[in-house]
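The next block holds one structure in the form of C-alpha coordinates; read it before the comments.
Just follow the structure's listing: the first ligand is 1, and inside any ligand the first atom is 1. What you see is a predicted model, and the numbers here were worked out from it, not measured in a lab.
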Amino acid sequence: MRLIFLGPPGVGKGTQAELLAKKYSIPKLSTGDLLRDAVRNKTPLGVEAKGFMDRGELVPDQVVIGLVREKLESRECENGFILDGFPRTVPQADQLTSILKSRAAGLDRVIYFWIPKEEIVTRISGRRSCPKCKSVYHIHSVPPKNEGICDGCGAELTQRMDDKPDTVESRLSVYQEQTAPLIEYYKSKNLLSELDGSGAVHDVQGQLIALLS
Ligand code: AMP
(Lines give C-alpha, C1' and ligand atoms only; values in the text may rest on other atoms or scores of the structure.)
Protein backbone atom coordinates (compact mmCIF):
# COMPACT_ATOMS: atom_id res chain seq x y z
CA MET A 1 0.00 0.00 0.00
CA ARG A 2 1.63 3.25 -1.13
CA LEU A 3 -0.30 6.25 0.04
CA ILE A 4 0.00 10.02 0.22
CA PHE A 5 -1.90 12.01 2.84
CA LEU A 6 -2.51 15.51 1.53
CA GLY A 7 -4.21 18.46 3.19
CA PRO A 8 -3.63 21.69 5.11
CA PRO A 9 -1.69 21.82 8.37
CA GLY A 10 -3.80 20.76 11.34
CA VAL A 11 -6.27 18.70 9.32
CA GLY A 12 -5.38 15.55 11.28
CA LYS A 13 -3.49 13.69 8.57
CA GLY A 14 -0.52 12.95 10.87
CA THR A 15 -2.80 11.34 13.47
CA GLN A 16 -4.63 9.33 10.82
CA ALA A 17 -1.34 8.28 9.21
CA GLU A 18 -0.02 7.08 12.54
CA LEU A 19 -3.10 4.92 13.21
CA LEU A 20 -3.21 3.49 9.71
CA ALA A 21 0.52 2.76 9.68
CA LYS A 22 0.05 0.64 12.82
CA LYS A 23 -2.97 -1.14 11.37
CA TYR A 24 -1.27 -2.02 8.08
CA SER A 25 2.24 -2.43 9.55
CA ILE A 26 3.78 -0.04 7.07
CA PRO A 27 5.95 2.98 7.88
CA LYS A 28 4.61 6.50 8.11
CA LEU A 29 7.07 8.95 6.60
CA SER A 30 6.49 12.44 7.87
CA THR A 31 8.86 14.98 6.34
CA GLY A 32 7.94 17.39 9.16
CA ASP A 33 9.08 14.82 11.77
CA LEU A 34 12.26 14.01 9.82
CA LEU A 35 13.09 17.70 9.53
CA ARG A 36 12.34 18.40 13.21
CA ASP A 37 14.67 15.54 14.18
CA ALA A 38 17.38 17.01 11.96
CA VAL A 39 16.88 20.44 13.57
CA ARG A 40 17.00 18.95 17.08
CA ASN A 41 20.18 17.03 16.26
CA LYS A 42 21.70 20.11 14.59
CA THR A 43 22.71 18.15 11.49
CA PRO A 44 23.82 20.26 8.47
CA LEU A 45 20.40 19.61 6.91
CA GLY A 46 18.66 20.65 10.13
CA VAL A 47 20.68 23.86 10.34
CA GLU A 48 19.68 24.67 6.75
CA ALA A 49 16.00 23.83 7.32
CA LYS A 50 15.46 25.59 10.66
CA GLY A 51 14.99 29.16 9.40
CA PHE A 52 12.43 28.11 6.79
CA MET A 53 10.48 26.06 9.33
CA ASP A 54 10.49 28.80 11.97
CA ARG A 55 9.04 31.23 9.42
CA GLY A 56 6.38 28.73 8.31
CA GLU A 57 7.91 28.53 4.83
CA LEU A 58 8.69 25.40 2.87
CA VAL A 59 12.17 23.93 3.06
CA PRO A 60 13.73 23.95 -0.47
CA ASP A 61 12.58 21.08 -2.67
CA GLN A 62 16.02 19.54 -3.20
CA VAL A 63 16.63 19.21 0.54
CA VAL A 64 13.32 17.47 1.20
CA ILE A 65 13.48 15.28 -1.90
CA GLY A 66 16.94 14.01 -0.85
CA LEU A 67 15.55 13.11 2.56
CA VAL A 68 12.55 11.25 1.15
CA ARG A 69 14.52 9.48 -1.57
CA GLU A 70 16.84 7.96 1.01
CA LYS A 71 13.88 6.65 3.03
CA LEU A 72 11.92 5.33 0.06
CA GLU A 73 14.95 3.44 -1.17
CA SER A 74 15.43 1.74 2.19
CA ARG A 75 14.15 -1.77 2.96
CA GLU A 76 11.76 -0.29 5.50
CA CYS A 77 9.55 0.94 2.64
CA GLU A 78 9.64 -2.21 0.52
CA ASN A 79 6.06 -3.19 1.39
CA GLY A 80 4.56 0.26 1.23
CA PHE A 81 4.42 3.54 3.10
CA ILE A 82 2.25 6.47 4.05
CA LEU A 83 3.70 9.83 3.10
CA ASP A 84 2.51 12.53 5.48
CA GLY A 85 3.40 16.09 4.45
CA PHE A 86 5.16 15.12 1.23
CA PRO A 87 4.89 16.07 -1.60
CA ARG A 88 4.07 19.70 -0.92
CA THR A 89 4.92 21.20 -4.32
CA VAL A 90 4.50 20.11 -7.92
CA PRO A 91 8.29 19.58 -8.40
CA GLN A 92 8.28 17.32 -5.31
CA ALA A 93 5.37 15.34 -6.77
CA ASP A 94 7.18 14.97 -10.11
CA GLN A 95 10.31 13.77 -8.34
CA LEU A 96 8.31 11.28 -6.30
CA THR A 97 6.84 9.84 -9.51
CA SER A 98 10.31 9.30 -10.94
CA ILE A 99 11.70 7.78 -7.71
CA LEU A 100 8.81 5.29 -7.69
CA LYS A 101 9.12 4.63 -11.42
CA SER A 102 12.78 3.72 -10.97
CA ARG A 103 11.61 1.06 -8.51
CA ALA A 104 8.80 -0.06 -10.84
CA ALA A 105 6.27 1.03 -8.24
CA GLY A 106 3.28 3.35 -8.35
CA LEU A 107 1.06 5.15 -5.91
CA ASP A 108 -2.13 3.43 -4.82
CA ARG A 109 -4.03 6.46 -3.58
CA VAL A 110 -3.76 10.08 -2.49
CA ILE A 111 -6.11 10.98 0.34
CA TYR A 112 -7.02 14.64 0.47
CA PHE A 113 -8.21 15.55 3.98
CA TRP A 114 -10.18 18.77 4.37
CA ILE A 115 -11.85 20.67 7.22
CA PRO A 116 -13.21 24.25 7.54
CA LYS A 117 -10.50 26.89 8.10
CA GLU A 118 -11.81 27.97 11.55
CA GLU A 119 -11.44 24.40 12.73
CA ILE A 120 -7.86 24.25 11.47
CA VAL A 121 -6.89 27.12 13.75
CA THR A 122 -8.61 25.55 16.78
CA ARG A 123 -6.96 22.22 16.14
CA ILE A 124 -3.50 23.65 15.67
CA SER A 125 -3.63 25.85 18.77
CA GLY A 126 -4.51 22.85 20.98
CA ARG A 127 -2.03 20.47 19.39
CA ARG A 128 0.69 19.00 21.58
CA SER A 129 3.23 16.45 20.46
CA CYS A 130 5.76 14.09 21.87
CA PRO A 131 9.29 15.03 20.78
CA LYS A 132 10.44 11.46 21.48
CA CYS A 133 7.93 9.03 19.93
CA LYS A 134 6.11 11.65 17.78
CA SER A 135 2.62 10.86 19.11
CA VAL A 136 0.22 13.73 18.62
CA TYR A 137 -2.46 14.89 21.11
CA HIS A 138 -5.00 17.68 21.41
CA ILE A 139 -5.66 19.34 24.76
CA HIS A 140 -9.45 18.91 24.32
CA SER A 141 -10.22 16.24 21.74
CA VAL A 142 -7.34 13.77 22.23
CA PRO A 143 -5.89 14.55 25.68
CA PRO A 144 -3.16 12.36 27.19
CA LYS A 145 -4.13 10.39 30.32
CA ASN A 146 -1.81 12.58 32.42
CA GLU A 147 -1.74 16.23 31.44
CA GLY A 148 1.38 17.17 29.49
CA ILE A 149 2.81 13.63 29.47
CA CYS A 150 2.94 11.22 26.51
CA ASP A 151 0.84 8.08 27.10
CA GLY A 152 3.18 6.01 24.95
CA CYS A 153 6.64 6.85 26.26
CA GLY A 154 6.21 9.16 29.26
CA ALA A 155 8.10 12.10 27.70
CA GLU A 156 6.95 15.67 28.29
CA LEU A 157 4.67 16.95 25.53
CA THR A 158 5.56 20.16 23.73
CA GLN A 159 3.84 22.70 21.50
CA ARG A 160 5.54 23.15 18.16
CA MET A 161 7.09 26.60 17.65
CA ASP A 162 5.41 26.83 14.25
CA ASP A 163 1.97 26.12 15.80
CA LYS A 164 1.89 29.67 17.26
CA PRO A 165 -0.82 31.88 15.63
CA ASP A 166 1.44 34.14 13.45
CA THR A 167 3.29 31.24 11.89
CA VAL A 168 0.06 29.29 11.36
CA GLU A 169 -1.24 32.10 9.10
CA SER A 170 1.90 31.92 6.91
CA ARG A 171 1.71 28.14 6.79
CA LEU A 172 -1.88 28.32 5.60
CA SER A 173 -1.05 30.76 2.80
CA VAL A 174 1.98 28.70 1.78
CA TYR A 175 -0.36 25.68 1.66
CA GLN A 176 -2.84 27.53 -0.59
CA GLU A 177 -0.18 28.77 -2.98
CA GLN A 178 2.19 25.83 -3.23
CA THR A 179 0.48 22.66 -2.03
CA ALA A 180 -3.22 23.03 -2.93
CA PRO A 181 -2.38 22.72 -6.69
CA LEU A 182 -1.54 19.07 -5.94
CA ILE A 183 -5.27 18.39 -5.49
CA GLU A 184 -5.84 18.94 -9.22
CA TYR A 185 -2.51 17.29 -10.03
CA TYR A 186 -3.54 13.98 -8.46
CA LYS A 187 -7.20 14.31 -9.50
CA SER A 188 -6.05 14.42 -13.11
CA LYS A 189 -4.15 11.17 -12.53
CA ASN A 190 -7.30 9.55 -11.05
CA LEU A 191 -5.52 8.96 -7.75
CA LEU A 192 -7.35 11.41 -5.49
CA SER A 193 -9.95 10.55 -2.86
CA GLU A 194 -11.41 13.26 -0.64
CA LEU A 195 -12.13 12.75 3.04
CA ASP A 196 -13.96 15.04 5.45
CA GLY A 197 -11.55 15.20 8.39
CA SER A 198 -13.83 17.15 10.72
CA GLY A 199 -15.24 14.23 12.73
CA ALA A 200 -13.74 12.50 15.76
CA VAL A 201 -10.44 10.68 15.19
CA HIS A 202 -12.01 7.20 15.24
CA ASP A 203 -14.85 8.16 12.91
CA VAL A 204 -12.44 9.59 10.37
CA GLN A 205 -10.26 6.47 10.71
CA GLY A 206 -13.32 4.28 10.00
CA GLN A 207 -14.15 6.28 6.87
CA LEU A 208 -10.54 6.08 5.76
CA ILE A 209 -10.39 2.30 6.13
CA ALA A 210 -13.71 1.93 4.29
CA LEU A 211 -12.40 4.11 1.50
CA LEU A 212 -9.24 2.06 1.11
CA SER A 213 -10.81 -1.38 1.26
P1 AMP B 1 4.55 19.50 9.09
O2 AMP B 1 4.97 18.81 10.34
O3 AMP B 1 4.22 18.57 7.97
O4 AMP B 1 3.48 20.54 9.34
O5 AMP B 1 5.84 20.33 8.59
C6 AMP B 1 6.45 21.31 9.38
C7 AMP B 1 7.36 22.19 8.53
O8 AMP B 1 8.41 21.38 7.94
C9 AMP B 1 6.69 22.86 7.34
O10 AMP B 1 6.04 24.07 7.70
C11 AMP B 1 7.88 23.10 6.41
O12 AMP B 1 8.68 24.18 6.86
C13 AMP B 1 8.69 21.83 6.61
N14 AMP B 1 8.28 20.76 5.68
C15 AMP B 1 7.68 19.58 6.00
N16 AMP B 1 7.45 18.85 4.89
C17 AMP B 1 7.92 19.59 3.85
C18 AMP B 1 7.96 19.40 2.45
N19 AMP B 1 7.46 18.30 1.87
N20 AMP B 1 8.51 20.38 1.68
C21 AMP B 1 9.02 21.49 2.23
N22 AMP B 1 9.00 21.75 3.54
C23 AMP B 1 8.46 20.80 4.36
Problem - Asn79, CG atom: more than 12 neighbouring heavy atoms under 6.0 Å - result: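 Atom CG in Asn79 is not packed in, count stays at 12 or less.
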
Handout entry: Flag if over 12 foreign heavy atoms under 6.0 Å of CD, Glu78
Key =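 Buried by this count: over 12 neighbours within 6.0 Å.
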
Practice task
Mind running side-chain contact (heavy atoms from CB on, under 4.5 Å) on Lys71 and Leu67 for me, showing each step along the way?
Solution key: CA-CA 7 Å; Lys71 287 280 175 191; Leu67 202 63; 5.9 Å; no

Got an N/O contact under 3.5 Å between [X] and ligand 1?
X: Thr31; result: yes
X: Phe52; result: no
X: Ser30; result: no

Which of the atoms of ligand 1 are close to [X], meaning less than 4.0 Å from one of its heavy atoms?
X: Leu35; result: 8 (O), 13 (C), 14 (N), 15 (C), 23 (C)
X: Glu57; result: 11 (C), 12 (O)
X: Val64; result: 18 (C), 19 (N), 20 (N), 21 (C)
X: Gln92; result: 18 (C), 19 (N), 20 (N), 21 (C)

Problem - Leu58 contact mode with ligand 1 (heavy-atom cut-off under 4.0 Å) - result: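 The answer is both.
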
Practice task
Give the contacting part of Asp61 toward ligand 1: side chain, backbone, both or neither, where contact means a heavy-atom distance below 4.0 Å.
Solution key: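 The answer is neither; Asp61 stays 4.0 Å or more away.
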
Practice task
Starting from atom 8 (O) of ligand 1, find the nearest protein heavy-atom neighbour and note its residue, name and distance.
Solution key: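 Ranked first by proximity to atom 8 (O) of ligand 1 is Met53 CE, 3.5 Å.
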
Out of [options], indicate the one that has the non-hydrogen atom closest to [atom].
atom: atom 6 (C) of ligand 1; options: Gln178, Arg171, Arg160; answer: Arg160
atom: atom 21 (C) of ligand 1; options: Val174, Val59, Val63; answer: Val59
atom: atom 9 (C) of ligand 1; options: Lys50, Arg88, Arg127, Arg55; answer: Arg88

Handout entry: Side chains of Ser198 and Asp196, donor plus acceptor under 3.5 Å
Key =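 Asp196 and Ser198 do have a side-chain donor-acceptor pair below 3.5 Å.
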
Handout entry: Side-chain donor or acceptor of Asp61 paired with backbone N/O of Gln92 under 3.5 Å
Key =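 Judged by distance alone, no pair lies under 3.5 Å.
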
Handout entry: Arg88 backbone acceptor or donor facing Thr179 side chain under 3.5 Å
Key =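 Yes; at least one donor-acceptor contact below 3.5 Å.
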
Problem - Charged tip of Arg55 within 45° of Phe52 ring normal and under 6.0 Å - result: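 Yes.
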
Practice task
Dump the intermediate steps for salt bridge (charged side-chain N to carboxylate O under 4.0 Å, His left out) on Arg128 and Asp163, then the final yes or no.
Solution key: CA-CA 9 Å; Arg128 298 291 180 272; Asp163 275 353; over 6 Å; no

Handout entry: Non-hydrogen side-chain atoms of Leu96 and Leu72 separated by less than 4.5 Å
Key =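 Result yes, sub-4.5 Å side-chain heavy-atom pair found.
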
